[in-house]
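Computation of the quantities below employed the complete heavy-atom set of this structure, encompassing side-chain atoms and omitting hydrogens, waters and symmetry-equivalent molecules.
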Amino acid sequence: MALIPDGREVDTEFGTNRSGKDLKGNPVVVSGSHEAIQDYGWRTIWGAGETKYQRGKYEQIGDTRLVRVTVADCAEEESDA
């Protein structure tokens, strides 16, 4: 399922969180690690986040779904492309 970013971004101790919604309007946060941001950039991180989201690999925190993306997730995303 495609995720639609809303332009909000927050830096954290481990990386950066970017928020958005899925196509049903559910709030989603994609969390990219510092290493993933440095090595792959947000285009790949967001794509890996969409892939993990589609596979149900996210944490439900209240009404928000959190997708954590690491370097390994980005490498897998690029190898699947």
Side-chain angles (χ1 to χ4, degrees):
M1 175 178 291
L3 302 178
I4 304 159
D6 65 11
R8 293 184 294 166
E9 181 177 299
V10 176
D11 291 328
T12 70
E13 182 179 348
F14 302 104
T16 301
N17 293 346
R18 288 191 175 177
S19 62
K21 296 189 180 288
D22 65 18
L23 294 178
K24 294 181 180 178
N26 297 307
V28 177
V29 171
V30 175
S31 179
S33 70
H34 289 298
E35 295 83 5
I37 294 166
Q38 183 178 21
D39 293 352
Y40 290 94
W42 269 101
R43 175 174 284 196
T44 302
I45 292 168
W46 198 265
E50 287 180 329
T51 299
K52 288 184 78 171
Y53 189 80
Q54 289 172 346
R55 294 176 179 164
K57 295 183 177 181
Y58 56 83
E59 298 172 47
Q60 187 77 39
I61 301 174
D63 64 347
T64 302
R65 295 166 181 185
L66 174 65
V67 184
R68 297 183 192 274
V69 179
T70 65
V71 169
D73 300 316
C74 291
E76 181 179 334
E77 182 72 14
E78 285 197 343
S79 71
D80 289 345

Given 3.5 Å as the limit, does a donor-acceptor pair link the side chain of [X] with the main chain of [Y], or not?
{"X": "E59", "Y": "L66", "value": "no"}
{"X": "K52", "Y": "Y58", "value": "no"}
{"X": "Q60", "Y": "G62", "value": "yes"}

Pairwise distance [atom1]([X]) to [atom2]([Y]) - rounded to 0.5 angstrom:
{"X": "D11", "Y": "I37", "atom1": "CG", "atom2": "CD1", "result": "7.5 Å"}
{"X": "T70", "Y": "I45", "atom1": "OG1", "atom2": "CD1", "result": "9.5 Å"}
{"X": "D39", "Y": "H34", "atom1": "CG", "atom2": "NE2", "result": "12.5 Å"}

Can you find a pair of side-chain heavy atoms, one from V69 and one from Y40, that are under 4.5 Å apart?
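Side-chain contact under 4.5 Å: no.
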
Notebook entry, point to check: L23 versus I4: any side-chain heavy-atom pair under 4.5 Å?
Noted result: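 Heavy-atom side-chain distance check passes, below 4.5 Å.
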
Shortest non-hydrogen contact from D73 toward R68 =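 Closest approach of D73 to R68, heavy atoms only: OD2-O, 3.5 Å.
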
* Give the minimum heavy-atom separation between K57 and V67, together with the two atoms involved. =>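 Taking K57 first and V67 second, the nearest heavy atoms are O-CG1, 4.1 Å.
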
Axial cation check for W46 ring with R18, 6.0 Å and 45° limits =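 No, R18 does not sit over the ring of W46.
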
- Query: Thinking salt bridges, do E76 and R55 make one under a 4.0 Å N-O criterion?
  - Reply: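 A salt bridge is present here (some side-chain N lies under 4.0 Å from a carboxylate O).
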
Subject >> Check ion pair R65-D22 (N to O, under 4.0 angstrom) >> reply: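 Yes, this pair counts.
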
Heavy atoms of other groups near Q54 CD, more than 12 under 6.0 Å |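 Yes.
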
Result of checking V30, V29, V10 against S19 for side-chain contact (heavy atoms from CB on, under 4.5 Å):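 For S19, the side-chain contact (heavy atoms from CB on, under 4.5 Å) test succeeds with only one of V30, V29, V10, which is V29.
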
